[in-house]
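See below for the structure under consideration.
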Protein chains: 2
Amino acid sequence: MENIPSIKPTESELEILQILWQLGKATVRQVNDELSKFKEVGYTTTLKLMQIMHEKHILSRTEEGRYHLYQAEIGEEQTQQLLLGKFVDATFRGSAMKLVMQALGNQDVSLDELDEIKKLIAEKEKNLNL
Amino acid sequence: MENIPSIKPTESELEILQILWQLGKATVRQVNDELSKFKEVGYTTTLKLMQIMHEKHILSRTEEGRYHLYQAEIGEEQTQQLLLGKFVDATFRGSAMKLVMQALGNQDVSLDELDEIKKLIAEKEKNLNL
DNA sequence: ATTTATCTACGAAAATATTCGTAATAAAAT
DNA sequence: ATTTTATTACGAATATTTTCGTAGATAAAT
């Protein structure tokens, strides 16, 4: 880990990353099984994608006997941060504020979660006031 | 307007939409000039894209003498909402909460803006408590 | 009136992303 | 031992997105 991602994973790559962030290490078969739960995808398609991701150093892999164990080389939060920045720029013209307002306004967020957000805001305000 | 967007504009299309949302109506030349401020792009490239967007009913156009005036057919907030939903799913596994936390934590948000967000949260809580 | 500049239409090239077929290999099952 | 199954490697086909060259038309400039 610890390779600041500067290139954006594609959508398919992100799907695979999500699975690997959850599983830690996994074989192509495992990843493909997970993918198959929500989309039709051939085994060799997944394989090829993971090989490409390996070439790009998005994934590392170790040989375990006959097969390969793959692992994400870029961190989840790190990647989310990168994608979030680009998304804010492209979709909200750089205004994180607008994005947050829309997300709070229209996506599902529970009371407890709102509380957590309030805490975070309080923290932030404290820091900004220094 | 009033055509709920279900297809996602591509990145280039979104760039053009951003400009048209700002300008209202505009010619290809105007849009291309705006685009040129932050990226190299040939006139015919922009033209072609806008023609394609017109075919897809993302843009409407009226003929004014020799040239065309284009206008966004899908609303800004509507589109942001659509893209936000997909983005939350793809990047934050559906958790708007996580997205908001990350956005507040790491993107630039001012004190005033935090205040606004607090107000929105208070509103939301009121509604949820009913 | 001719030339120059500007616009649209169109097709196709280039770049990028996704999918999959086939072959080689090795393990597992019969 | 042979067959079946599962795996990787590889190349190429397909699909999608982006870019741009060329041609035709019309207005503007000379």
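Each chain gets a letter, A, B and so on, in the order its sequence line appears, and its residues count up from 1.
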Show me the protein contacts with nucleotides 26-28 of chain D, counting only N or O atoms at under 3.5 Å.
{"from": "D:dT26", "atom 1": "O2", "to": "B:Arg66", "atom 2": "NH1", "distance (Å)": "3.4"}

Can you list everything that forms a side-chain contact (heavy atoms from CB on, under 4.5 Å) with [X]? Sequence neighbours excluded, please.
{"X": "B:Glu34", "result": "B:Ile19, B:Leu23, B:Lys37"}
{"X": "A:Asp33", "result": "A:Arg29"}
{"X": "A:Leu69", "result": "A:Lys25, A:Thr27, A:Thr62, A:Glu64"}

Measure the distance from [atom1] on [X] to [atom2] on [N] and round it to the nearest whole Å.
{"X": "B:Lys8", "N": "D:dT16", "atom1": "NZ", "atom2": "P", "value": "14 Å"}
{"X": "A:His54", "N": "D:dC10", "atom1": "NE2", "atom2": "P", "value": "12 Å"}
{"X": "B:Ile58", "N": "D:dT17", "atom1": "CD1", "atom2": "C1'", "value": "13 Å"}
{"X": "A:Gln51", "N": "D:dC10", "atom1": "CD", "atom2": "P", "value": "8 Å"}
{"X": "A:Glu55", "N": "D:dG11", "atom1": "CD", "atom2": "P", "value": "11 Å"}
{"X": "A:Glu63", "N": "D:dT8", "atom1": "CD", "atom2": "C1'", "value": "10 Å"}
{"X": "B:Glu15", "N": "D:dT19", "atom1": "CD", "atom2": "P", "value": "8 Å"}

Outermost contacting nts on DNA chain C, any atom under 4.0 Å from chain A heavy atoms, listed 5' then 3', are C:dA17 to C:dA27
Margin query: Taking only side-chain N and O atoms of A:Arg29, does any of them lie within less than 4.0 angstrom of OP1 or OP2 on D:dT7?
Written below: yes
Under 3.5 Å, side-chain donor or acceptor atoms of residues 90-104 of chain B against the rest of the protein: list the pairs with distances, not counting sequence neighbours.
{"from": "B:Thr91", "atom 1": "OG1", "to": "B:Phe87", "atom 2": "O", "distance (Å)": "3.3"}
{"from": "B:Arg93", "atom 1": "NE", "to": "A:Gln18", "atom 2": "OE1", "distance (Å)": "3.1"}
{"from": "B:Arg93", "atom 1": "NH2", "to": "A:Glu76", "atom 2": "OE2", "distance (Å)": "3.3"}
{"from": "B:Ser95", "atom 1": "OG", "to": "B:Lys98", "atom 2": "N", "distance (Å)": "3.0"}
{"from": "B:Gln102", "atom 1": "NE2", "to": "A:Gln80", "atom 2": "OE1", "distance (Å)": "2.7"}

Between the OG atom in B:Ser6 and the CD atom in B:Gln78, the distance rounded to the nearest 0.5 Å is 10.0 Å
Applying salt bridge (Lys or Arg N to Asp or Glu O under 4.0 Å), can you list everything that pairs with [X], at least two apart in sequence or on another chain?
{"X": "A:Lys119", "value": "none"}
{"X": "A:Asp115", "value": "A:Lys118"}
{"X": "B:Glu15", "value": "B:Lys39"}
{"X": "B:Glu123", "value": "B:Lys126"}

The correct set of residues in residues 38-50 of chain B placing a heavy atom under 4.0 Å from DNA chain C is B:Tyr43, B:Thr44, B:Leu47, B:Lys48
For residues 45-54 of chain A, the side chain to side chain donor-acceptor pair (under 3.5 Å) pairs (sequence neighbours left out) are A:Asn32-A:Thr46
Electrostatic pair A:Lys124-B:Glu113, nearest N-O below 4.0 angstrom: no
